[in-house]
Chemist: 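Here it is, the structure, as structure tokens.
So you know, we letter chains A, B, ... as the sequences are listed, proteins then strands, and number each from 1. Quick caveat: nothing in here was measured; it's all calculated off a predicted structure.
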Protein chains: 2
Amino acid sequence: MSLEQELKLERPMDDIHHEAVLSIVRTAGLLSLKGATLFRQFDLTEAQFNVLFSLKYKETVWTQSDLGKRLVVTRASVTSVLDKLESKGLVERHVVEGNRRIYHVDLTKAGRELIDKVEPRYRENIHEVTASLDRPTCEALIQSLERVRQNCTRPAD
Amino acid sequence: MSLEQELKLERPMDDIHHEAVLSIVRTAGLLSLKGATLFRQFDLTEAQFNVLFSLKYKETVWTQSDLGKRLVVTRASVTSVLDKLESKGLVERHVVEGNRRIYHVDLTKAGRELIDKVEPRYRENIHEVTASLDRPTCEALIQSLERVRQNCTRPAD
DNA sequence: AAATCATTGTTAGACGTCAAGCGATAAGTT
DNA sequence: AACTTATCGCTTGACGTCTAACAATGATTT
């Protein structure tokens, strides 16, 4: 279905750039919704899943700040989500000797077991939604989006 | 910058479909952030701008439910944002005779004046972020995203 | 060594989103 | 006409996000 129909527009979109931007935002919203539906079955939110998934594949030691950079959210958000995950016993904050300002964050055994259960379902989802895109199409999509992101951050960044 | 670098991944993404999905979500997040920064200058949030913008271009009479469909949010969300906009005097709820269940929503004079001020800046933003995409590239992008959205909603929908 | 600057994690408050459930009303059915 | 079902807008509570500010700590500079 075209974006016009989906958004129930009463006139055609005349600006293709505008349509492109709305498409991106709308698609991301739907992807999040689909993700949330899956994660809820495991008593997780999307943000909580993202933390577990990141931690599973990290190869070095991460502070909360590192996690925030990886997930592209503020430190305050990390604190909040980590509090939830810690209270569920899925994640641990480790004191770091030599630097009393930071914590190192890691999965607990329960956290690892849970993410190992969710991940295959998540990957199924991914391939379900992108099934109709062959490799060159994916590459083109990725490249276009990368260009958009470049123009999102002010030149001074 | 590639997604790998942006997300500070410690190993390359091996799954191009996964990379595509993350690109979409990440790009939408950045677009929202850029939008929020603009809207804040006018004491608006993104959600509030979306309502004003929709109302400006509607050509028929809309209920809150219609607005929700257009913006793809629940009725509860519409109620909440509309309360804020109404308290700022930017939007009005009109009683509908013949149907006491619904309201018709419209811009006030102040609402129209404000959206008229914000819109040119918004359109500048749009073209800034998509400047490097020519028309065929935009069309391909839009089409790919449309395919993803198709696969987001279960076949039964 | 002392003063300044930067980083880290936390808190508080505002906001939008959702799910679930509610009462009122409308529409459809028997 | 009476009953049933559907829709509408609202409320509540949970959640994640952000900004702004803060204290503690670390890093730099003087």
Chemist: Does D/dT7 have its OP1 or OP2 closer than 4.0 Å to a side-chain nitrogen or oxygen of B/Q64?
Modeler: no
Chemist: How close or far is atom P of C/dA14 from atom CG of B/D43, stated in whole angstroms?
Modeler: 14 Å
Chemist: Let me know the distance between CZ of A/F39 and P of D/dG16, rounded to the nearest Å.
Modeler: 13 Å
Chemist: In whole angstroms, how far is the P atom of C/dT17 from the CG atom of A/L33?
Modeler: 13 Å
Chemist: Over how many whole Å does the gap from B/D66 atom CG to D/dT7 atom P extend?
Modeler: 13 Å
Chemist: Below the 4.0 Å mark, does D/dG16 have OP1 or OP2 next to a side-chain nitrogen or oxygen of A/Q48?
Modeler: yes
Chemist: Look at the side chain of B/A76 and decide which nucleotide, out of D/dT19, C/dC18, C/dT17, has an atom nearest to it.
Modeler: C/dC18
Chemist: Below 4.0 angstrom from OP1 or OP2 of C/dT17, is there any side-chain N or O of B/T74?
Modeler: no
Chemist: Mind checking whether B/H17 and A/C138 have side chains closer than 4.5 Å, heavy atoms only?
Modeler: yes
Chemist: Would you say B/S77 reaches C/dG16's phosphate, i.e. side-chain N/O to OP1/OP2 under 4.0 Å?
Modeler: no
Chemist: Do A/S77 and A/S80 get their side chains close enough for a donor-acceptor pair, meaning under 3.5 Å?
Modeler: no
Chemist: Toward the 5' end of DNA chain D, which comes first, B/T63 or A/V78, by nearest nucleotide?
Modeler: B/T63
Chemist: Between D/dC8 atom C1' and B/L82 atom CG, what is the distance in whole Å?
Modeler: 13 Å
Chemist: Using a strict cut-off of less than 4.0 Å between a Lys/Arg side-chain nitrogen and an Asp/Glu carboxylate oxygen, indicate whether A/R93 and A/D83 qualify as a salt bridge.
Modeler: yes
Chemist: May I have the distance from B/L71 (atom CG) to C/dT17 (atom P), rounded to whole angstrom?
Modeler: 8 Å
Chemist: For A/T27 and B/R149, does a side-chain donor sit closer than 3.5 Å to a side-chain acceptor?
Modeler: yes
Chemist: Is any side-chain N of the basic residue among A/K117 and A/E113 closer than 4.0 Å to the acidic one's carboxylate O?
Modeler: no
Chemist: If the plane angle is over 60° it's perpendicular, under 30° parallel, otherwise tilted; pick one for B/F49 and B/F39.
Modeler: parallel
Chemist: Does a side-chain N or O from B/S65 land closer than 4.0 Å to OP1 or OP2 of D/dC8, or not?
Modeler: yes
Chemist: Do the ring centers of A/H18 and B/Y57 come within less than 6.0 Å of each other?
Modeler: no
Chemist: Over how many whole Å does the gap from B/L67 atom CG to D/dC8 atom C1' extend?
Modeler: 14 Å
Chemist: Once you round it to whole Å, what is the distance between P of C/dA12 and CZ of A/R75?
Modeler: 17 Å
Chemist: How would you label the contact of B/T45 with the nucleic acid (heavy atoms, under 4.0 Å): base, sugar-phosphate, or nothing?
Modeler: sugar-phosphate
Chemist: Nearest-nucleotide wise, let me know which of A/T79 and B/V73 is further upstream toward the 5' end of DNA chain C.
Modeler: A/T79
Chemist: Do any of residues 84-106 of chain A sit with a heavy atom less than 4.0 Å from DNA chain C, and if so which?
Modeler: A/R93, A/R101, A/I102, A/Y103
